[in-house]
Amino acid sequence: MATVQQIRREHRADGPAAVLAIGTANPESFKLQDDYADYYFRVTKSEHHADLKDKLKRICKKSGIEKRYTHLDEELLGAHPDFIDRTLPTLDARIEMASAAVPALAASAAEKAIAEWNRPASDITHLVFSTYSGGKAPSADLRLASLLGLRPTVSRTILSLNGCSGGGRALQLAKELAENNRGARVLVACSELTLLAFYGPLEGRLDTIFGQGIFGDGASAAIVGADPVVVGTIERPLFEIAFATQTTIPGTEDAITMQLMKGGLDFHVSTRVPKLLKNNIERCLIDALEFLGISATWNDLFWAIHPGGRAILDHVEDLLALDGGKLAASRRVLSEFGNMSGATVIFVLDEMRRRMARGEEVAEWGVMMAFGPGITIETMVLHATCHHEN
Ligand SMILES: CCCCCCCCCCCCCCCCCC(=O)SCCNC(=O)CCNC(=O)[C@H](O)C(C)(C)COP(=O)(O)OP(=O)(O)OC[C@H]1O[C@@H](n2cnc3c(N)ncnc32)[C@H](O)[C@@H]1OP(=O)(O)O
């Protein structure tokens, strides 16, 4: 009879988890950043707040963003005029809207990932879903499983209100699941819609103006698994996940907060966030590379940093003395989509693999980082499989 140790070894994967496919999706409606302040103050009937409009214009100008997508377009907003007033009890209606739209957008992203993966959706064994745009059970993960036709035994986990670190956390969980369950194929899905937190401006609530300047809607999906099926090149790994860790910066619980209120999602992002990250990420990076025994300068690596805001990317670039262009994938995603919270970092991986395919980025090893409430820093060391010896 086999021992418990033998059974355990038998049921664990041999190799490291890898990202096997990626898909992304956005709502149809988008707004150009140059026009956004005019749009926002018009649809929220707030033109009288001229000072706040000027502030939003300043933020938009400095955001590094050109375009953002939104599910809550003018037509939908016209059908829900009460959303504009954050003091009204609109949470029920927002959650109702999100409970359909969040999994639907996730499904669009996941379908693309599954098509690229080359295997049927029914081969997915686990689902990790991250969103801040929910408030219902059964939640968006179950709806997504049903939209995709996943098997009834698929093992689901939902991560809520992880904010911008949600994508990093979901990928890290996927790595653990894939490496500890031989043959597991984990679908990671992140779907974030700002409709929960869209309301008109209020004097003294500058978070709202800031949020209106940088956040946008999007969904991303990745399939993660170990020991890829290479016969007939069915599965083509993109990035092996060599190391993953989470760090919380002590004493920063109040720096990024989110809370469901009767009028929607209330949030706060301190102006100190870029500086706090700058002061704390290098330790995470050194620890990660030391653990793997990789000796490299920061410029020897490729970088997939969550573009939480232009200032965050500037601070990281400055701290690590990165060559211009090292954060190009993050800057492009920020420019094209804005900060889509937890979904963003998989968009950056998607952009990075495209750059690699075009020969624009040649580093073998790289780092993915995402930041969220806590303040939480998710760090992953990735190995680009285009550098495999065979
Ligand atoms: C298309 C549809 C879109 C719909 C949108 C709907 C919105 C809904 C929002 C959804 C909420 C989702 C919640 C998710 C929360 C979790 C987020 C995270 O986890 S982690 C998120 C991590 N992301 C970050 O931490 C963002 C990092 N920050 C940045 O990237 C930059 O600071 C910047 C781009 C915002 C401004 O560029 P920079 O070079 O700094 O330029 P300056 O120094 O000249 O400042 C210009 C003005 O901006 C002001 N201001 C600045 N910050 C804040 C703030 N936090 N707070 C308030 N105000 C702020 C500053 O005071 C100044 O005002 P003024 O003196 O002109 O009057």
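Numbering starts at 1 and runs along the sequence shown. Here the structure is a predicted model, which is why all the values come from computation and not from measurement. Atoms within each ligand, like the ligands themselves, are counted from 1 in listed order.
For ligand 1, the atoms sitting less than 4.0 Å from at least one non-hydrogen atom of S270 are 55 (N), numbered in the order shown with element in parentheses. Of all atoms in ligand 1, listed by their number and element, those nearer than 4.0 Å to a heavy atom of V273 are 25 (O). Within ligand 1, the atoms closer than 4.0 Å to a non-hydrogen atom of G372 are 19 (O), numbered from 1 in the order shown. Each of the following atoms of ligand 1 lies closer than 4.0 Å to a heavy atom of P373: 19 (O). Atoms of ligand 1 lying under 4.0 Å from at least one heavy atom of G211, given by number and element, are 7 (C). Numbered from 1 in the order shown, with element, the atoms of ligand 1 that lie under 4.0 Å from a heavy atom of I256 read 16 (C), 18 (C), 19 (O), 20 (S).
If you look at M258 next to ligand 1, the close heavy atoms, those under 4.0 Å, all belong to the side chain. When non-hydrogen atoms are compared, ligand 1 lies under 4.0 Å from the backbone of F215 as well as from its side chain.
The option with the heavy atom closest to atom 5 (C) of ligand 1, from among K57, Q212, K55, is Q212. The residue among V269, I209, D217, L72 with a heavy atom at the shortest distance from atom 55 (N) of ligand 1 is V269. Considering each of I375, T271, I214, the one bringing a non-hydrogen atom nearest atom 59 (C) of ligand 1 is T271.
Among all heavy-atom pairs drawn from L72 and L77, the shortest one is CD2-CD1, 3.7 Å.
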Would L238 and L20 count as a side-chain contact (heavy atoms from CB on, under 4.5 Å) here? Give the steps. CA-CA 6 Å; L238 303 167; L20 302 172; over 6 Å; no
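For the pair K31 and ligand 1, the shortest N or O to N or O distance does not fall below 3.5 Å. Between R58 and ligand 1, at least one N/O pair is under 3.5 Å apart. At a 3.5 angstrom cut-off on N or O pairs, G308 counts as close to ligand 1. An N or O contact shorter than 3.5 Å links C164 to ligand 1 by distance. Considering backbone and side-chain N/O of F210, none are found under 3.5 Å from N/O of ligand 1. Of the N or O atoms in S165, none lie within a sub-3.5 Å distance of an N or O in ligand 1. The shortest N or O to N or O distance between I312 and ligand 1 is not below 3.5 Å.
The pair D92-K262 fails the salt-bridge criterion, with no side-chain N (NZ, NE, NH1 or NH2) lying under 4.0 Å from an Asp/Glu carboxylate O.
Protein heavy atom closest to atom 29 (C) of ligand 1, with residue, atom name and distance, is A311 CB, 3.4 Å. Among all protein heavy atoms, the one lying closest to atom 47 (C) of ligand 1 is I59 CG1, 3.6 Å. Nearest to atom 1 (C) of ligand 1 among the protein's heavy atoms is R68 CB, 3.6 Å. When hydrogens are left out, the protein atom nearest atom 2 (C) of ligand 1 is T70 CB, 3.6 Å; that is the closest non-hydrogen contact. Ranking the protein heavy atoms by distance from atom 44 (O) of ligand 1 puts K62 NZ, 2.7 Å first. In terms of protein heavy atoms, atom 39 (O) of ligand 1 is closest to R310 NH2, 2.7 Å. Of all protein heavy atoms, the one closest to atom 27 (C) of ligand 1 is P274 CG, 3.7 Å.
The closest approach between any non-hydrogen atom of G216 and ligand 1 is not below 4.0 Å. Residue contacts with ligand 1: F30 is excluded, as none of its non-hydrogen atoms falls under 4.0 Å.
Using a 4.5 Å heavy-atom threshold, the side chains of L147 and R143 count as touching. Using a 4.5 Å heavy-atom cutoff, the side chains of I256 and T376 are not in contact. A heavy-atom distance below 4.5 Å is found between the side chains of F41 and P201. You'll find the side chain of V128 reaches within 4.5 Å of the side chain of L177, heavy atoms only.
For atom 63 (O) of ligand 1, the nearest protein heavy atom is under 4.0 Å away. The protein reaches atom 20 (S) of ligand 1 closely, with a heavy atom under 4.0 angstrom from it. For atom 33 (C) of ligand 1, no protein non-hydrogen atom is found at a distance below 4.0 Å.
Atom-to-atom distance recorded for K326:NZ and F302:CZ is 9.5 Å, nearest 0.5 angstrom.
R283 and T247 share no side-chain donor-acceptor pair at under 3.5 Å. When only modelled atom types and interatomic distance are considered, R169 and Q172 share a side-chain donor-acceptor pair under 3.5 Å.
When the shell of 6.0 Å around CD of E28 is examined, it contains 12 or fewer heavy atoms from other residues, nucleotides or ligands. Around CD of E75, the count of heavy atoms belonging to other residues, nucleotides or ligands within 6.0 Å does not exceed 12. Under a cut-off of 6.0 angstrom, the local environment of CZ in R8 is sparse, with at most 12 non-hydrogen atoms contributed by other residues, nucleotides or ligands.
When D123, I124, T125 are each tested for a side-chain contact (heavy atoms from CB on, under 4.5 Å) with L150, only one passes: I124.
The aromatic rings of F291 and F243 sit tilted relative to each other, their planes meeting at an angle between 30° and 60°.
Because its NZ or CZ atom is not both nearer than 6.0 Å to the ring centre of Y36 and within 45° of the ring axis, K31 does not count as a cation-pi partner of that residue. Annotation: cation-pi geometry satisfied between R94 and F83 (NZ/CZ under 6.0 angstrom from ring centroid, within 45° of ring axis).
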